[in-house]
Every structure is written in C-alpha cells, then in structure tokens.
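Okay, so here's the structure we're looking at.
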Amino acid sequence: MRDDYLQAALKVVDDPNILVNVISTRVKQLRRGSRPLVESLEKLSPEDIALREVMEGKITYELATPEQLARR
C-alpha cells in the first residue's frame with residue numbers, strides 16, 4: 001500500500017477506522033471482479049486502487065443514524 005495514497009485518502013475520510021472499513025469493503029469488491037472506478041497506467045494493487053477511488057471522490061460512505069441502528 002502506498003503511503004502517499006494513504007495520506008491523501010485520510011484527508012478525505014478523517015477517521016482512520018472508517019477509512020479501513022471503506023477500503024476493505026471496496027478491496028473485497030475489486031477482488032470479486034468489480035471494475036475499478038479510476039484508470040492508471042501502472043499496475044496497482046486492489047488496496048491502492050481503493051485508496052485512489054477514495055482520494056478522487058469516486059467512493060463515499062454514509063454513517064447509520066441512531067434510528068437505523070435501533071431498528072436492527
């Protein structure tokens with residue numbers, strides 16, 4: 001995983017715990033065959049692709065509200 005990508009993604013998603021969850025979910029999708037949302041001339045790992053997608057605003061997240069959590 002490239003450190004420069006990680007630092008840039010942390011500027012978009014402030015909480016490292018949320019970033020880990022977003023990246024891990026996206027990496028699973030990429031490994032199962034989802035197409036990357038970013039283009040690259042170099043061969044990137046699924047982790048780096050996911051970080052670039054976050055950096056470029058292609059991937060977002062939404063936190064559950066207390067009401068949504070209560071319904072579970």
query: Atom CG of Leu37 and atom CD1 of Ile59: how far apart are they, to the nearest 0.5 Å?
result: 5.0 Å
- line: When every non-hydrogen atom of Leu30 is compared with those of Pro46, the smallest separation belongs to CD1-O, 3.5 Å
message: Main chain of Asp4, side chain of Gln7: is a donor-acceptor contact present, judged purely on distance under 3.5 Å?
response: no
query: Taking the side chain as C-beta and beyond, is there a heavy-atom pair between Arg52 and Ser40 under 4.5 Å?
result: yes
message: Under the criterion side chain to side chain contact (heavy atoms under 4.5 Å, CB included), I'd like the reasoning laid out for Tyr5 against Val54: C-alpha separation, chi angles, the key distance, then a yes or no.
response: CA-CA 9 Å; Tyr5 286 179; Val54 168; over 6 Å; no
- prompt: Out of curiosity, Leu51 CG to Ser45 OG, how far, rounded to the nearest 0.5 Å?
  reply: 8.0 Å
field: Pairwise distance OH(Tyr61) to OG1(Thr25) - rounded to 0.5 angstrom
entry: 13.0 Å
- prompt: Closest heavy-atom contact between Ile49 and Pro36?
  reply: CG2-CB, 3.7 Å
- prompt: Would you say Glu62 has more than 12 foreign heavy atoms packed within less than 6.0 Å of its CD?
  reply: no
task: Working to the nearest 0.5 Å, report the span between CZ of Arg2 and CD of Glu42.
output: 5.0 Å
task: Using the rule that two of Ile, Leu, Val, Met, Phe, Trp, Tyr join whenever any of their side-chain heavy atoms come within less than 4.5 Å, decide whether Leu63 and Val12 are in one cluster.
output: yes
- request: Say whether Val20 and Met55 are linked into one hydrophobic cluster, either directly or through other cluster members, by side-chain heavy-atom distances under 4.5 angstrom.
  value: no
message: Holding to salt bridge (Lys or Arg N to Asp or Glu O under 4.0 Å), I want the full list of residues that pass it with Arg31, two or more places apart in sequence or in another chain.
response: Glu47
- prompt: How close do Ala64 and Leu69 get, heavy atom to heavy atom, and via which atoms?
  reply: CB-CD2, 3.8 Å
message: With no hydrogens and no angle check, just 3.5 Å: does a side-chain donor-acceptor pair link Arg26 and Gln29?
response: yes
field: Nearest-0.5 Å distance, CG of residue Asp15 to CG of residue Leu10
entry: 9.5 Å
- line: Between the CD1 atom in Ile18 and the CD1 atom in Ile23, the distance rounded to the nearest 0.5 Å is 12.5 Å
